[in-house]
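Report on the following structure.
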Amino acid sequence: MPTHRRALLGAAAALAAPVSLRAQPRFPDRPITVLVPFPPGGATDVQMRGLAEAATRAFGQTVLTENRPGAGSTLGPAAVARAKPDGYLVSQMTLPALRLPFMQRMPYDPRRDFTPILHLTGYTFGVLVRGDSPWTTWQELVADARARPGRHRWGNTGANGTPHLAMVDLAAQEKLDVEHIPFRGESEGTTALLGGHIEAQAAGTGAAPLVAEGKLRYLNVWTRERVARFPEVPTLLELGYAGMVVTSPYGLVAPAGLDPAILAVLHDGFRRALHDPAHLAVLARLDQPVEYLNSADYARNMADTIDLEEKRVERLGLRGG
């Protein structure tokens, strides 16, 4: 096995050995902070705050969230990579944070600098327009963008993030000349869309209440099947985009070198929080599924994902300096 895979899978191997929780009898004895690499107000922020509230009950100790938006959702992982491996600082690990180190210089190595804790869930993405816009279907939006080259501005949740690359892919398949506008998260893009500053926005389901109120409208969703809350909205697969199921799953990571006993406590507490009825209700409101993986399985999943993303960047010619 290559050295880089052995580094990431070390956490999985550590879990195979017997672990005595008596090694860390007082952990946690102070608040745990979960870094959320997106701004307040979006689907990610809502979900992670719900998880933290449930984790506070599970640990019997306060679990806080701290927003670190920007830089393609890498500021949280970057901070954790530099942190002391004591279990008190963890971060959401997004798919872009695993991809971007192969596109530009980053202050962390995704294969060596983290201890995977557990996998959580994945997003339900879609394309939104204003409820009073002239486009009632995706085909109408595409037709207008084709008729007015260079006039459409399509927002996304961050440069080189999954929604950004998916919208670039859709525009390329349709041979459209549109301007892609990255925001620092879903809530900023939604505000711009409501204000008429962009024509469309690719985002998660944090804006679903605005859709229910008629202020926004979904033109498509990126899941394999239609979303139960919006059964009239077609998937990209139904619209003829072969293989386009885009969910960008994510989990939690701690710094490399974490004591296996602390890892076991973190895993067990966040697993209970993930399945807490109050948190499950949050996921249901966001149309996000439970996609639990334990620490060992998540380590293997991260290793495989990193390899796939490296190959993807090479294939698409996205590697930078």
Side-chain angles (χ1 to χ4, degrees), residues 34-58 63-67 69 73 76 92-95 118-131 155-158 161-163 166 183-191 193-194 200-236 245-252 269-293:
V34 180
L35 299 181
V36 181
F38 295 97
T44 305
D45 181 62
V46 171
Q47 183 271 314
M48 295 299 287
R49 287 180 186 274
L51 182 73
E53 291 173 4
T56 294
R57 294 189 291 273
V63 178
L64 306 168
T65 60
E66 180 180 322
N67 298 88
S73 74
Q92 178 191 16
M93 175 58 81
T94 68
L95 186 58
L118 80 169
H119 193 274
L120 297 170
T121 181
Y123 297 106
T124 294
F125 290 123
V127 174
L128 293 157
V129 295
R130 278 175 44 150
N156 59 72
T157 56
T162 299
F183 293 94
R184 294 195 311 161
E186 178 177 325
S187 58
E188 288 189 6
T190 300
T191 299
L193 180 60
L194 289 169
Q201 163 79 348
T205 52
L210 295 172
V211 176
E213 295 172 10
K215 295 179 180 178
L216 296 178
R217 176 190 301 133
Y218 276 113
L219 299 185
N220 58 44
V221 290
W222 300 358
T223 45
R224 186 171 299 279
E225 306 291 339
R226 292 196 182 196
V227 175
R229 186 161 29 159
F230 305 107
E232 74 284 359
V233 181
T235 67
L236 291 179
V245 176
V246 186
T247 59
S248 196
Y250 58 89
L252 292 178
F270 281 114
R271 178 181 56 79
R272 290 194 297 272
L274 174 63
H275 294 94
D276 184 289
H279 178 251
L280 291 177
V282 173
L283 288 178
R285 290 199 303 272
L286 297 173
D287 302 289
Q288 293 186 207
V290 172
E291 296 183 348
Y292 164 73
L293 293 175

Note to self: Within the structure provided, determine whether Arg226 and Thr235 are in side-chain contact (heavy-atom separation under 4.5 Å).
What the structure shows: yes

Check: Would you call Tyr218 and Val227 a side-chain contact if the rule is heavy atoms closer than 4.5 Å?
Finding: no

Check: How are the rings of Tyr292 and His275 set to each other: parallel, tilted or perpendicular (split at 30° and 60°)?
Finding: perpendicular

Item checked: Plane angle bin for Tyr123 and Tyr250 - parallel if under 30°, tilted between 30 and 60°, otherwise perpendicular -> tilted

Heavy-atom donor-acceptor pair, [X] side chain to [Y] backbone, under 3.5 Å:
X      : Y      : answer
Asn220 : Val127 : yes
Thr124 : Asp287 : yes
Thr121 : Val290 : no
Arg217 : Val129 : no

What distance do [X] atom [atom1] and [Y] atom [atom2] have between them, rounded to the nearest 0.5 Å?
X      : Y      : atom1 : atom2 : answer
Leu283 : Leu51  : CG    : CG    : 8.5 Å
Leu293 : Leu118 : CG    : CG    : 8.5 Å
Phe183 : Thr191 : CZ    : OG1   : 9.0 Å
Leu252 : Met93  : CG    : CE    : 10.0 Å
Phe38  : Glu188 : CZ    : CD    : 12.0 Å
Leu35  : Met48  : CG    : CE    : 9.0 Å

Checklist line | Residue pairs, two or more places apart or on separate chains, that pass salt bridge (charged side-chain N to carboxylate O under 4.0 Å, His left out) and touch residues 202-216 | finding: Glu213-Lys215

Show the atom names and distances, to 0.1 Å, of all donor-acceptor pairs under 3.5 Å that link a side chain in residues 201-211 to residues at least two apart or in another chain.
{"residue": "Gln201", "atom": "OE1", "partner": "Asn156", "partner atom": "N", "Å": "3.3"}
{"residue": "Thr205", "atom": "OG1", "partner": "Leu286", "partner atom": "O", "Å": "2.3"}

Search all heavy atoms of [X] against all heavy atoms of [Y] and return the closest pair with its distance.
X      : Y      : result
Ser248 : Phe125 : CB-CE1, 3.6 Å
Pro37  : Gly76  : CB-N, 4.0 Å
Thr44  : Gln92  : CG2-OE1, 3.2 Å
Gly185 : Pro39  : CA-CD, 3.6 Å
Ala43  : Gln288 : CB-OE1, 4.3 Å
Gly269 : Ala58  : O-CB, 3.4 Å

Next item on the list: Could you point out which residue of Ser187, Pro40, Pro69 forms a side chain to side chain contact (heavy atoms under 4.5 Å, CB included) with Asp45?
Entry: Pro40

Check: Looking at Thr157, Thr94, Leu95, which hits side chain to side chain contact (heavy atoms under 4.5 Å, CB included) with Ser73?
Finding: Thr94

Margin query: Between Arg272 and Asp276, does any NZ, NE, NH1 or NH2 come within less than 4.0 Å of an OD or OE carboxylate oxygen?
Written below: no

Note to self: Out of the candidates Gln47, Arg49, Glu53, only one should pair with His279 under the side chain to side chain donor-acceptor pair (under 3.5 Å) rule; please name it.
What the structure shows: Gln47

